[in-house]
Amino acid sequence: MPLDAECLFCKIIEGNIPADIVYRDENVVAFRDISPKAPTHVLIIPTVHVENVAELAKMSSVITASLFSAAKEIADSEGLDGYRTVFNTGASAGQSVFHAHMHLLGGRPLTWPPG
Ligand code: DGP
């Protein structure tokens, strides 16, 4: 599936916008959030342009699995003993960038429920 020339995260995948990339494989790219909400706050995104995780669920489950296996690998490399993964899906849930992304948060106690 092609990248979207207008999409911020597609531009990061292509290297046209700089980002602090911490992990990359054929299915996903991960980089530090520009506005971190925890000591570790990494965004893990598919290397195909897809609007949100609901749309991603219609595609190959290999990509979805890669998001979660990357999260585990990054959490280990960051030395996290626990971590939270979040997908905001739709503007009403707080999604502001419409390229599916997993938030990986850790490095401090995380309260529940989230706001
Ligand atoms: P969400 O609100 O769930 O769509 O999360 C989008 C996240 O993307 C938000 O936490 C801030 C982050 N973000 C927005 N623009 C940039 C950027 O240019 N670079 C990086 N690294 N992160 C960005």
Side-chain angles (χ1 to χ4, degrees):
M1 184 170 297
L3 297 174
D4 179 340
E6 304 303 315
C7 169
L8 172 66
F9 286 177
C10 287
K11 291 176 186 171
I12 288 176
I13 291 168
E14 292 188 297
N16 294 331
I17 289 181
D20 185 358
I21 292 175
V22 297
Y23 178 91
R24 183 190 284 269
D25 67 26
E26 64 177 312
N27 295 317
V28 305
V29 171
F31 51 91
R32 296 193 192 280
D33 195 291
I34 203 167
S35 178
K37 303 298 186 280
T40 293
H41 186 172
V42 170
L43 302 174
I44 310 172
I45 69 173
T47 53
V48 293
H49 180 78
V50 57
E51 186 167 322
N52 57 42
V53 74
E55 294 301 314
L56 186 63
K58 299 174 187 170
M59 299 169 60
S60 165
S61 57
V62 171
I63 301 173
T64 304
S66 294
L67 292 170
F68 285 97
S69 57
K72 160 77 174 135
E73 222 171 284
I74 296 162
D76 285 349
S77 67
E78 296 275 315
L80 304 180
D81 59 352
Y83 60 92
R84 184 172 293 168
T85 53
V86 175
F87 292 93
N88 296 326
T89 304
S92 64
Q95 186 176 6
S96 60
V97 178
F98 293 89
H99 181 126
H101 50 281
M102 172 194 278
H103 295 260
L104 167 64
L105 298 144
R108 66 168 172 81
L110 298 168
T111 57
W112 192 261

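In each ligand, atom 1 is the first atom listed, and ligand 1 is the first ligand listed. Numbers here simply count residues along the sequence, with the first being 1.
The N/O atoms of Q95, backbone and side chain alike, include none that comes under 3.5 Å of an N/O atom in ligand 1. At under 3.5 Å, not a single nitrogen or oxygen of F9, backbone or side chain, sits near a nitrogen or oxygen of ligand 1. The shortest N or O to N or O distance between L8 and ligand 1 is not below 3.5 Å.
Only the side chain of L43 comes within contact range of ligand 1, with a heavy atom under 4.0 Å; no backbone atom does.
Within 6.0 Å of atom CG in D81, 12 or fewer heavy atoms from other residues, nucleotides or ligands are found, so the atom counts as exposed in its surroundings.
To the nearest 0.5 angstrom, Y23 atom OH is 14.0 Å from E78 atom CD. Interatomic distance, CZ of R84 versus NE2 of H103, reported as 12.5 Å (0.5 Å rounding). Expressed to the nearest 0.5 Å, how far NZ of K11 lies from CD of E14 amounts to 9.5 Å.
The contact set between ligand 1 and H101, taken as ligand atoms under 4.0 Å from a residue heavy atom, comprises 1 (P), 3 (O), 4 (O), 5 (O), 6 (C). Using a 4.0 Å cut-off to heavy atoms of H103, the atoms of ligand 1 that qualify are 1 (P), 3 (O), 5 (O), 10 (O).
Within the 4.0 Å heavy-atom shell around ligand 1 one does not find S35.
Among pairs with a residue in residues 52-90, none fulfils ring pair (Phe, Tyr, Trp, His ring centres under 6.0 Å), at least two apart in sequence or across chains.
H99 contributes a side-chain N or O that, together with a main-chain N or O of V48, makes up a donor-acceptor pair within less than 3.5 Å.
Looking at atom 21 (N) of ligand 1, its nearest protein heavy atom turns out to be R32 O, 2.9 Å. Looking only at heavy atoms of the protein, atom 17 (C) of ligand 1 is closest to I34 CD1, 3.9 Å. Among all non-hydrogen protein atoms, the one lying nearest atom 4 (O) of ligand 1 is S96 N, 2.6 Å.
Across I17, D33, I21, heavy-atom proximity to atom 11 (C) of ligand 1 is greatest for D33.
With N27 as the fixed residue, the side-chain hydrogen bond (donor to acceptor under 3.5 Å, both in side chains) test singles out one of S69, S66, S60: S66.
Residues forming a side chain to side chain donor-acceptor pair (under 3.5 Å) with D33 (at least two apart in sequence, or on another chain): H41.
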